[in-house]
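All figures in this text were calculated on a predicted structure; none of them were measured in a lab. The chain is numbered in sequence order, starting from 1.
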Amino acid sequence: MSDLDTRNLEKLASEIGENIYIDIAKWHLYLSEAHLHTQLAEQFYPLLKQGECTEIEVQHILQKVYVNLGEGKQTISLVNLIPNSVIQELIKILKDFQEDL
């Protein structure tokens with residue numbers, strides 16, 4: 001990965017981490033605090049570079065990421081923890097980021 005790709009990946013991870021959150025009982029846990037922002041950025045970045053990051057792809061990626069609750073007593077898909085309005089914000093962040101590539 002080039003230095004430019006590394007910087008872009010870090011920038012994308014930062015944007016995701018600072019703006020996207022999971023909602024649990026009206027508590028907002030931002031993805032940077034949950035240590036999920038880098039993992040998502042690593043999955044979205046190649047799609048953004050290829051111009052293939054659609055709303056369906058975003059939903060699919062969020063569905064494949066599982067979050068452990070209660071020290072692993074239960075796992076739940078990330079797509080079920082992020083409010084729909086926040087998923088739309090994520091899509092906007094990704095589209096804006098893709099335009100800047």
Side-chain angles (χ1 to χ4, degrees):
M1 186 179 286
S2 72
D3 286 343
L4 178 60
D5 283 338
T6 301
R7 284 194 303 273
N8 282 337
L9 183 63
E10 289 171 356
K11 181 180 175 188
L12 179 59
S14 177
E15 283 288 318
I16 292 170
E18 293 174 12
N19 294 292
I20 306 304
Y21 59 85
I22 58 178
D23 182 343
I24 300 176
K26 304 219 186 260
W27 284 70
H28 295 174
L29 178 63
Y30 284 84
L31 295 189
S32 60
E33 297 166 343
H35 305 284
L36 295 167
H37 60 302
T38 301
Q39 176 185 355
L40 286 177
E42 288 170 347
Q43 292 185 47
F44 288 129
Y45 188 67
L47 296 175
L48 293 172
K49 282 185 67 172
Q50 297 167 5
E52 298 176 4
C53 194
T54 64
E55 185 171 346
I56 292 169
E57 285 293 326
V58 171
Q59 292 277 352
H60 184 68
I61 287 171
L62 293 176
Q63 194 169 19
K64 291 191 316 184
V65 174
Y66 285 89
V67 177
N68 288 329
L69 303 175
E71 293 183 345
K73 289 180 186 176
Q74 186 173 27
T75 59
I76 190 164
S77 177
L78 189 55
V79 76
N80 294 318
L81 295 172
I82 300 177
N84 288 334
S85 61
V86 179
I87 291 174
Q88 291 305 310
E89 178 63 23
L90 174 60
I91 291 166
K92 182 183 180 312
I93 288 169
L94 294 171
K95 286 183 179 185
D96 290 347
F97 191 86
Q98 188 173 28
E99 289 176 5
D100 292 341
L101 284 179

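Within the structure, the ring-ring contact (aromatic ring centres under 6.0 Å, His included) test picks out no pair touching residues 35-73 (sequence neighbours left out). Legend: salt bridge (Lys or Arg N to Asp or Glu O under 4.0 Å) pairs involving residues 44-64, not counting sequence neighbours, sorted by first then second residue: Asp5-Lys49.
Side chain of Gln98 to main chain of Leu48: a donor-acceptor pair is present (N/O by atom type, distance under 3.5 Å, no hydrogens or angles).
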Given Val65 and Gln43, is the side-chain contact (heavy atoms from CB on, under 4.5 Å) satisfied, shown in steps?
CA-CA 10 Å; Val65 174; Gln43 292 185 47; 3.8 Å; yes
Determine whether Leu40 and Leu62 satisfy the following criterion, side-chain contact (heavy atoms from CB on, under 4.5 Å), listing intermediate values before the conclusion.
CA-CA 8 Å; Leu40 286 177; Leu62 293 176; 4.1 Å; yes
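Leu29 approaches Ala34 most closely through the heavy-atom pair CD2-CB, 3.8 Å.
Phe97 meets the ring pair (Phe, Tyr, Trp, His ring centres under 6.0 Å) test with no other residue; sequence neighbours excluded. Qualifying side-chain contact (heavy atoms from CB on, under 4.5 Å) partners for Ile56, counting only residues two or more places apart in sequence or in other chains: Thr54. Listed by chain and residue number, Lys92 satisfy the side chain to side chain donor-acceptor pair (under 3.5 Å) test with Asp96 (two or more places apart in sequence, or in another chain).
Rounded to the nearest 0.5 angstrom, Leu12 CG and Glu42 CD are separated by 10.0 Å. The structure places CZ of Arg7 at 7.5 Å from OG of Ser2, a figure rounded to the nearest 0.5 Å. Taking CG from Leu9 and CG from Leu4, the interatomic distance works out to 11.0 Å, rounded to the nearest 0.5 Å. Atoms CG and CD, on Leu78 and Gln59 in that order, are 10.5 Å from each other to the nearest 0.5 Å.
When side chains are defined from C-beta on, Ile91 counts as touching Ile87, because their heavy atoms get closer than 4.5 Å.
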Table please: side-chain donor-acceptor pairs of residues 13-26 below 3.5 Å, with sequence neighbours left out.
residue: Ser14; atom: OG; partner: Glu18; partner atom: OE2; Å: 3.0
residue: Asn19; atom: ND2; partner: Glu15; partner atom: O; Å: 2.8
residue: Asp23; atom: OD1; partner: Lys26; partner atom: N; Å: 3.0

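One hydrophobic cluster holds both Leu47 and Met1 under the rule that ILVMFWY side chains link at heavy-atom gaps under 4.5 Å.
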